[in-house]
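Naming convention: chains lettered A, B, ... in sequence-line order (proteins, then strands); numbering from 1 in each chain.
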There are 2 protein chains.
Amino acid sequence: MDLREIARRAKVSTATVSRAINHVSTVNPQLAKRVWKVVDELGYFPNTQARALVSGRSRILGLIVSEITNPFFPEIVQTFEHLAVENNYEILLTSTVNDPKRMEQSVRRMIERRVEGVAILTFGMEESLLGHLRFRKVPLVFVDVGPDAPGIVNIRINYLNGIRQAVQHLAALRHTRIAFVAGPSRLKSALARTEAFKTSMAEIGLLPEVIVTGDHTMEGGMRAMVELLGARDQPTAVVCSNDMTAIGVMREAYDHGITIPTDLSIVGFDDIRLAQFMTPPLTTVQMSQKELAQIAFRALLDEVGRESRSTQKSEYELITSLILRRSTAMARPLNDAHREQ
Amino acid sequence: MDLREIARRAKVSTATVSRAINHVSTVNPQLAKRVWKVVDELGYFPNTQARALVSGRSRILGLIVSEITNPFFPEIVQTFEHLAVENNYEILLTSTVNDPKRMEQSVRRMIERRVEGVAILTFGMEESLLGHLRFRKVPLVFVDVGPDAPGIVNIRINYLNGIRQAVQHLAALRHTRIAFVAGPSRLKSALARTEAFKTSMAEIGLLPEVIVTGDHTMEGGMRAMVELLGARDQPTAVVCSNDMTAIGVMREAYDHGITIPTDLSIVGFDDIRLAQFMTPPLTTVQMSQKELAQIAFRALLDEVGRESRSTQKSEYELITSLILRRSTAMARPLNDAHREQ
DNA sequence: ACGACTTGGGTATACGTTTACTGCATCAAC
DNA sequence: GTTGATGCAGTAAACGTATACCCAAGTCGT
């Protein structure tokens with residue numbers, strides 16, 4: 001069942017059907033009604049591929065994330081999807097799981113489907129891959145992972161703001177030995193968080209001595225906590241590079257009979273939805289996934305709409321801020337060791 | 001840059017280029033090499049919409065879930081995506097958030113993009129909507145939500161197996177007052193879990209007296225726990241219809257100073273990845289999301305491959321089983337009340 | 001040496017839309 | 001009544017690919 005069939009049954013030409021369906025003004029209302037009647041009767045839906053072919057517009061937007069099973073992303077995907085539908089777009093979702101092969105596949109899939117633009121939320125895309133997209137003038141929007149070059153749309157995140165609040169909050173609770181569990185060093189955004197931590201500590205005259213490295217997973221958080229427990233000078237508080245890490249840290253602490261927040265204060269980062277349902281609810285730095293997605297989508301849509309790729313550098317910024325919950329408490333006045341398992 | 005351009009540069013016809021790209025045997029290896037050389041040089045990728053148009057195959061599979069932010073789904077989406085790519089398909093992901101309007105949109109989007117098949121993991125799709133898909137002979141695979149009609153491919157889940165294990169496990173720990181937090185009653189799969197609980201309790205001669213209703217969210221779990229606390233005969237163990245509910249229950253218990261598992265044993269359902277990272281790690285009934293996705297994908301691919309829709313009823317079954325972790329423990333010998341906040 | 005196959009590449013059509021162009025009315029203005 | 005403008009619907013040409021069909025040249029049997 002196609003447009004021609006509609007035309008035949010409504011006794012008009014295909015052009016008229018097309019115009020009626022697309023609400024082009026130059027079609028007689030009465031004819032339009034006749035066309036719509038047939039369309040509804042037959043339950044006809046236009047073929048998007050044919051449309052895309054002739055119009056040169058696929059009405060598909062690409063979304064490349066690193067891992068959809070990371071609770072940080074589903075919220076973003078959801079928001080993206082809603083906005084896409086509202087704007088009559090489809091989204092092509094791709095996850096790289098940080099695998100170069102999958103990254104290449106992602107790009108290929110995007111190009112084959114002729115996406116009109118791509119939002120990139122994964123780090124480590126080879127420049128050569130991005131070249132494929134740029135070569136075809138596909139608008140790109142990077143979220144916190146983009147290169148610092150002109151003409152690149154980048155959503156930046158102000159990490160310092162929230163992390164400074166976290167550190168100051170802990171300091172106000174009389175914590176002095178504050179540890180940091182960093183994210184993987186290949187991740188620029190993780191590096192930025194570590195830097196923000198160091199800066200914040202320095203600002204209030206504390207030494208950011210204890211920094212261990214995680215990998216932004218729960219398992220990594222567990223390992224980091226083990227490492228922390230081995231340190232000679234036990235921290236009384238730990239700030240984590242993301243919430244997943246914090247969850248791992250909490251879990252490992254539990255295994256060692258360490259009570260949160262009595263024995264140890266913990267602060268996360270991201271404020272994934274789950275954070276508030278932990279026991280205890282996790283104090284964390286908020287970075288609204290929904291807002292992030294909205295900004296990214298809007299930016300992408302703007303780029304797609306712009307006829308000529310502008311060379312001006314577009315920057316957007318997302319502010320982060322501390323959300324107080326119950327995984328942080330006053331530091332113990334004396335250095336009484338917690339009970340080891 | 002299109003196939004014709006390649007043809008021009010390789011000094012062959014478009015037919016040859018097409019054949020070379022698709023590895024059709026009838027093309028001279030030397031010519032093929034020449035074609036591929038140009039293809040690589042230009043970084044050419046075939047246009048999928050044009051392909052779809054002429055071949056009548058979109059190479060897109062639909063995937064309708066209820067809510068991607070529900071941690072149960074991302075794992076499934078991921079597996080589905082991987083399998084799709086392996087089979088040279090793209091997936092069109094849609095979430096209904098249990099909104100009739102979005103369900104309708106989902107179906108429309110699927111049809112417009114001419115998906116070759118759809119996997120449905122959401123409940124409450126109107127029969128009239130499904131009719132649109134059936135009318136177009138789009139292969140459908142339901143995961144635990146399908147109608148019991150012939151010719152419908154349905155992946156069924158054996159709830160009884162795992163829930164019986166859970167109940168028996170609790171009974172072995174000397175629990176007699178075992179509560180159940182049910183899921184929303186409009187959800188058939190939730191109803192099935194409740195039934196399985198009742199059956200299991202009856203089997204060992206216990207009364208399934210305390211059943212409160214949640215909604216498969218963490219907030220619902222919290223509310224259910226509040227309700228449970230108000231009951232005159234406090235349960236010593238509670239089985240939850242899904243893990244999200246269990247997390248909510250645990251969280252609310254924490255707020256009331258109730259310690260898990262000392263004061264209260266908790267069992268979840270689904271074994272989402274998070275379950276093992278709770279404090280304490282959640283004892284739960286496993287229902288492998290990955291396996292589920294694999295079964296569903298395979299079933300869908302089979303249906304798509306089958307030339308004529310078979311009328312035989314295809315059934316697949318997924319077994320569930322209890323995973324022991326640390327949210328369950330021996331029931332207190334005496335009925336010493338837990339401390340209220 | 002000649003016809004019958006076989007092999008493999010080219011020609012041209014079709015897929016389902018959109019849209020530039022064409023052409024027929026109708027109508028206003030003179 | 002002729003001319004010019006305007007409104008609207010129809011005709012046909014794209015969009016980029018796959019493939020049915022055709023045809024040239026080579027192979028082989030007799």
Side-chain angles (χ1 to χ4, degrees), chain A residues 1-39 42-60 88 90 108-116 136, chain B residues 1-39 42-60 88 90 108-116 136:
Chain A
M1 169 182 38
D2 58 2
L3 199 149
R4 284 189 296 252
E5 167 114 18
I6 308 291
R8 222 172 298 131
R9 301 210 186 203
K11 308 212 186 306
V12 294
S13 73
T14 60
T16 302
V17 176
S18 175
R19 287 192 272 249
I21 286 178
N22 295 310
H23 298 106
V24 174
S25 55
T26 63
V27 53
N28 183 312
Q30 189 161 348
L31 264 196
K33 198 168 295 174
R34 213 164 80 207
V35 169
W36 275 107
K37 182 150 170 286
V38 179
V39 165
L42 265 61
Y44 163 82
F45 293 106
N47 182 325
T48 339
Q49 6 255 11
R51 239 177 218 208
L53 196 56
V54 58
S55 72
R57 310 201 54 187
S58 65
R59 301 218 71 89
I60 302 178
N88 201 17
E90 216 50 76
R108 184 175 47 68
R109 288 159 64 193
M110 300 281 158
I111 295 179
E112 283 181 348
R113 299 278 168 184
R114 302 294 190 262
V115 296
E116 295 184 31
R136 290 177 173 71
Chain B
M1 170 182 36
D2 58 1
L3 204 151
R4 282 189 296 253
E5 168 114 18
I6 308 292
R8 221 173 298 129
R9 301 210 186 203
K11 305 209 186 310
V12 294
S13 74
T14 60
T16 303
V17 175
S18 176
R19 288 193 269 249
I21 285 178
N22 295 309
H23 299 106
V24 173
S25 55
T26 64
V27 53
N28 182 313
Q30 190 162 347
L31 264 195
K33 199 167 295 175
R34 212 163 82 206
V35 170
W36 275 107
K37 183 151 169 285
V38 178
V39 166
L42 265 61
Y44 163 82
F45 293 107
N47 181 325
T48 338
Q49 6 254 12
R51 239 175 217 213
L53 195 56
V54 59
S55 72
R57 311 201 54 186
S58 64
R59 300 217 71 89
I60 301 178
N88 201 18
E90 215 51 75
R108 185 175 47 67
R109 289 159 64 191
M110 299 281 158
I111 296 179
E112 284 181 347
R113 299 279 167 183
R114 300 295 190 264
V115 296
E116 294 183 33
R136 292 177 173 71

Discussion item. Nearest 0.5 Å, please: how far is CZ in B:R59 from CD in B:E116?
Written reply: 6.0 Å
Discussion item. Within the 4.0 Å heavy-atom criterion, would you say B:V24 contacts the bases, only the backbone, or no part of the nucleic acid?
Written reply: nothing
Worksheet item: Atom CZ of B:R19 and atom P of C:dG8: how far apart are they, to the nearest Å?
Response: 11 Å
Fill in: Between P of C:dG16 and CZ of A:R8, the distance in whole Å
11 Å
Worksheet item: When you check the phosphate oxygens OP1 and OP2 of D:dG7, does a side-chain N or O of A:T26 lie under 4.0 Å from one of them?
Response: no
Worksheet entry | d(CG, B:N28; C1', C:dG10) in whole Å | 14 Å
Worksheet item: Atom CD of A:E5 and atom P of C:dC15: how far apart are they, to the nearest Å?
Response: 13 Å
Discussion item. Both B:T14 and A:M1 contact DNA chain C. Which one's nearest nucleotide lies toward the 5' end?
Written reply: B:T14
Discussion item. Testing B:R108, B:R109, B:R114 one by one against B:E112 for a salt bridge (Lys or Arg N to Asp or Glu O under 4.0 Å), which residue passes?
Written reply: B:R108
Fill in: Side chain A:R114 and base D:dG16 donor-acceptor under 3.5 Å
no
Worksheet item: Of the candidate nucleotides D:dA18, C:dG16, D:dA9, which contains the atom at the shortest distance from the side chain of A:L53?
Response: C:dG16
Worksheet item: What is the distance, rounded to the nearest whole Å, between atom CZ of A:R51 and atom C1' of D:dC15?
Response: 15 Å
Practice prompt. Consider the side chain of A:A50, meaning its heavy atoms from C-beta on, and name the nucleotide among D:dC8, D:dT17, C:dT17 that approaches it most closely.
Written response: C:dT17
Discussion item. With a 4.0 Å cutoff (strictly under), does any side-chain N or O of A:N47 reach OP1 or OP2 of C:dC15?
Written reply: no
Worksheet item: Over how many whole Å does the gap from A:D2 atom CG to C:dA14 atom P extend?
Response: 14 Å
Discussion item. Using a heavy-atom cut-off of 4.0 Å across all strands, would you classify A:V12 as base, sugar-phosphate, or nothing?
Written reply: sugar-phosphate
Fill in: Contact under 4.0 Å: A:T16 side-chain N or O vs D:dG10 OP1/OP2
yes
Worksheet item: Taking atom CD of B:Q49 and atom OG of A:S58, what is their separation to the nearest 0.5 Å?
Response: 5.5 Å
Worksheet item: Think A:R4 has a side-chain N or O under 4.0 angstrom from the OP1 or OP2 of C:dT17?
Response: no
Worksheet item: Rounding to a whole Å, what distance do you find between B:H23:NE2 and D:dT17:C1'?
Response: 17 Å
Fill in: Between C1' of C:dG10 and CG of B:L3, the distance in whole Å
14 Å
Discussion item. So, taking the atom named OG1 in A:T14 and the one named CD in A:E5, what distance separates them when rounded to the nearest 0.5 Å?
Written reply: 13.5 Å
Worksheet entry | Closest nucleotide among D:dG10, C:dG16, D:dT17 to the A:S13 side chain | D:dG10
Discussion item. Measuring from atom CZ of B:R113 to atom CZ of A:R113, what distance do you get when rounded to the nearest 0.5 angstrom?
Written reply: 10.0 Å
